[in-house]
S.K.: 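Please find one structure pasted underneath; my questions will follow.
What you are looking at is a predicted structure, and each value in this text was computed from that prediction instead of being measured. Chain A is the first sequence line, chain B the second, and so forth, proteins listed ahead of strands; every chain is numbered from 1.
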Amino acid sequence: MNVLEQTEDTLKQEIADAVVKANLATKEQLPDIVLEKPKDKAHGDFAANIAMQLARIAKKAPRQIADDIIENLDQTKASIEKIEVAGPGFINFFMKNDFLGDIIPTILDADTAYGKTDTGKGEKVQVEFVSVNPTGDLHLGHARGAAYGDVLCNVLDAAGYDVQREYYINDAGNQIDKLAYSVEARYLQELGQDVEMPEDGYHGQAIVDIAKKIVAEDGDQWVNKDKEERVAYFKEFGLQSSLENIKNDLKAFRVEFDNWFSERSLYQDEKISDALKKLEEGNYIYEKDDATWFKSTEYGDDKDRVLVKSDGSYTYLTPDIAYHKDKLERGFDQIINVWGADHHGYVPRMRAAIQALGYPSEKFHVKIIQMVNLFEGGEKVRMSKRTGRAVALRDLIEDVGVDAARYFFVTRSNDSQLDFDMDLARSESNENPIYYVQYAHARICTMLEQAKSKEFQTDEAFDASLLTAEKEVDLLKKLAEFPQVVAEAAEKHLPHKVTQYVFDLASLLHSFYNAEKVLDQDNLERTNARIALMKAVRTALANGLTLIGVSVPEKM
RNA sequence: GUCCCAGUAGCUCAGCUGGAUAGAGCAACAGACUUCUAAUCUGUAGGUCGGGAGUUCGAAUCUCUCCUGGGACGCCA
């Protein structure tokens, strides 16, 4: 429990007591006490709207109620400096802020652990993300999902959840057959044969590279082999090569998974037939037009879905149902799926399946990642996986760097489309927000270096009461918020809150830096306190940037 | 036609569980380096929160409806 939460809790309790004491409402009638942090400093450190909420229950004017509450409030207990009633009946609390003195030691003591909480109480959460078909390169859209998923996991982990990162490998469907035929065509083309690509094949450069690799290793020895044998080999080779590419790209993007789950294993372990059996037992299955259908409409889907096609093969949905059943059987409290916007129509049928299997749908979360539009030179760059002109993740990293790419992807909410400005991400200038934050960190490091070389005392002991300048208090308050920001980002699955926070903190730091001098020969006591403050800010910035997966430079 | 997401400053976007005078960055304009890093700071200007109705003490936020943009509506994956 951090200092800020403690202060809030005490205050809430005091308010609740005061309401009861003033006979405004009974304990049972009492609504949840809500404290908000006003945007405007003139409205205090906390504001309560309880008087307005009680207007109906107490049958009094809100401002009158507010006065009654204040009268019955024990101000010393909650360490309140001043209380005002404002506007329609807000009660504004100005705190003594003596808790701010504790914040720096708390941060320096926690160090890299500052920001961590036990909000998640060790709840088991699994996040499945990226899960791109192993049939080509990762491109821009996947990159956004990768960044979102990875930062979400970092944030969940920091908030005390037990997180597992998983990648679902689609290595069994007919897209893998298409992959095999595509590789075959490219292979033969590589050897000068006039072969056409399959109509629905994969036209990306990645396939050409795989074919080249086969030629380099085996020459033309597959040309005269039996077609079936050849395709079977190309399938495995293509699959492994693609997976290797994907893993390398993700690693370069600083994304690593705990578990790679193979779709094939569902077949091997008879998980699919198990799932079908379970659905059948629940009477959610019927036969029509030589196919097997799932009554997903019973749980709100638009139409029923085919599970077994008339040719006897499964649709994509079938193994995926078995996969989700398996996930839930592994005992997760939450399973979070990160999907692209083009898959959103798939959500209701999956949710239906989970309910039909008897699992609570509250455990199942889908985060939809909206599309990324790439802009360069003020113009929209078209992307298409089919034509192979997609902007690959690899190229993006090479072009703008991992830091900028990751930062940009988690700056915006996942359900807003993202305009990715290549020129901006590339630019090493003040236009680029990533440098703004990193620069704040580097600036502090420089100051601390100077402090050392100029032999300022940098004791453990310092007098926090010397930090009273407006910008210092702003920094302290912001620092105190960090654990809550991380916890909120985790609970609501909104990693961009952390990006926002880190930017705001950097902004306060820069502002402070320009207004006040840290290293001051004429005021060594205050210098010592400010050095401690700078260390605390550096820690919070570093921890925030680390959660985003961005590097933390000491010099720029 | 049905469903999902978005519509907030010139541009890109935040805006929590409904709260007070709707915020930030960029762009524009005016300033600040003999000083710990100017990749910075300070200030000014910029808004019918897509339109309309409703819910209530109070709506950018909730409900309904319409408009615009994007996406999805397969025995594809």
S.K.: What's the CG-P distance between N49(A) and A59(B), to the nearest Å?
M.R.: 14 Å
S.K.: Measure from the ring center of Y148(A) to the ring center of H496(A) and say whether it is less than 6.0 Å.
M.R.: no
S.K.: With C1' as the reference atom in both, quote the distance from A20(B) to U63(B) in angstrom, rounded to an integer.
M.R.: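 Rounded to whole Å, the distance is 25 Å.
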S.K.: Answer yes or no as to whether A72(B) has its base stacked against H344(A), where stacking requires a ring-centre separation under 5.5 angstrom and planes under 30 degrees apart.
M.R.: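 No; by the centre-distance and plane-angle rule, H344(A) does not count as stacking on A72(B).
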S.K.: Taking atom C1' in both G23(B) and A9(B), compute the distance separating them and give it to the nearest angstrom.
M.R.: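 Nearest-Å result for G23(B) against A9(B) at atom C1': 10 Å.
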S.K.: Nearest-Å distance, OH (Y435(A)) to P (U40(B))?
M.R.: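 After rounding, the gap between these two atoms is 12 Å.
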S.K.: Classify S310(A) by what it touches in the nucleic acid, base, sugar-phosphate, or nothing, heavy-atom distance under 4.0 Å.
M.R.: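 Counting heavy atoms under 4.0 Å across all strands, the contact made by S310(A) includes a base.
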S.K.: Would you indicate which nucleotide in A20(B), C41(B), A77(B) comes nearest to any side-chain atom of F90(A)?
M.R.: A20(B)
S.K.: Minimum heavy-atom separation for R264(A) and A172(A), please, with both atom names.
M.R.: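 Of all heavy-atom pairs spanning R264(A) and A172(A), the closest is CG-CB, 4.0 Å.
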S.K.: F408(A) has an atom CZ; how far is it from atom P of C13(B), in whole Å?
M.R.: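 Atom CZ in F408(A) sits about 12 Å away from atom P in C13(B).
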S.K.: Can we say E516(A) and K471(A) salt-bridge, meaning some charged N sits less than 4.0 Å from an Asp/Glu carboxylate O?
M.R.: no
S.K.: Which part of the nucleic acid does D342(A) contact within heavy-atom distance under 4.0 Å: base, sugar-phosphate only, or nothing?
M.R.: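 Counting heavy atoms under 4.0 Å across all strands, the contact made by D342(A) is with sugar-phosphate only.
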S.K.: Heavy atoms only, 4.0 Å cut-off, all strands: where does A55(A) land among base, sugar-phosphate and nothing?
M.R.: nothing
S.K.: Give the nucleotide from the list C41(B), C36(B), G71(B) with an atom nearest to the side chain of V518(A).
M.R.: C36(B)
S.K.: Let me check I have this right: for RNA chain B, each base becomes ., (, ), [, ] or |, based on Watson-Crick or G-U pairs with both distances under 3.5 Å. What is the full string?
M.R.: (((((((..((((.....[...)))).(((((.......))))).....(((((..]....))))))))))))....
S.K.: Hey, does T292(A) reach any base, or is it just sugar-phosphate, or nothing, if we go heavy atoms under 4.0 Å?
M.R.: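 If one applies the 4.0 Å heavy-atom cut-off, T292(A) turns out to touch nothing in the nucleic acid.
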S.K.: Give one of base, sugar-phosphate or nothing for N432(A), where a contact means two heavy atoms less than 4.0 Å apart.
M.R.: nothing
S.K.: Flag as yes if F503(A) stacks onto the base of A24(B) (centroids under 5.5 Å, planes under 30°), otherwise no.
M.R.: no
S.K.: Figure out the CD1/P separation between I369(A) and G71(B), and round it to whole Å.
M.R.: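 Roughly 17 Å, once rounded to whole Å.
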S.K.: If the P atom of G47(B) is compared with that of A22(B), how far apart are they to the nearest Å?
M.R.: 12 Å
S.K.: So what does Q521(A) touch, heavy atoms closer than 4.0 Å: a base, only the sugar-phosphate, or nothing?
M.R.: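 It contacts nothing in the nucleic acid.
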S.K.: Taking NZ, NE, NH1 and NH2 as the nitrogens, is one of them in K37(A) or D45(A) under 4.0 Å from a carboxylate oxygen of the other?
M.R.: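 Salt bridge absent between K37(A) and D45(A).
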S.K.: How would you list, by chain and number, every residue that makes a side-chain hydrogen bond (donor to acceptor under 3.5 Å, both in side chains) with E376(A), sequence neighbours excluded?
M.R.: R426(A)
S.K.: Take the angle between the ring planes of Y346(A) and W339(A) and call it parallel below 30°, perpendicular above 60°, tilted in between.
M.R.: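 The rings of Y346(A) and W339(A) stand perpendicular, inter-plane angle above 60°.
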S.K.: Quiz question: going by heavy-atom distance under 3.5 Å, is there a donor-acceptor pair between the base of A20(B) and the side chain of N92(A)?
M.R.: yes
S.K.: At under 4.0 Å between heavy atoms, what does A47(A) touch on the DNA or RNA strands: base, sugar-phosphate, or nothing?
M.R.: base
S.K.: For a side chain to side chain donor-acceptor pair (under 3.5 Å) check, start with the C-alpha distance between D137(A) and H142(A), then their side-chain angles and the critical distance, and finish with the verdict.
M.R.: CA-CA 10 Å; D137(A) 282 317; H142(A) 305 135; over 6 Å; no
S.K.: Could you please spell out the steps behind the ring pair (Phe, Tyr, Trp, His ring centres under 6.0 Å) verdict for F420(A) and F375(A)?
M.R.: CA-CA 6 Å; F420(A) 195 103; F375(A) 284 83; over 10 Å; no
S.K.: Taking any heavy-atom pair under 4.0 Å as a contact, classify K303(A): base, sugar-phosphate, or nothing.
M.R.: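 Sugar-phosphate contact only.
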S.K.: Categorize Y436(A) for me: base, sugar-phosphate, or nothing, with a 4.0 angstrom heavy-atom threshold over every strand shown.
M.R.: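 Sugar-phosphate, no base atom in range.
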S.K.: Does the side-chain ring of H343(A) sit on the six-membered ring of the G71(B) base, less than 5.5 Å centre to centre and under 30° in tilt?
M.R.: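 No, H343(A) does not stack on the base of G71(B).
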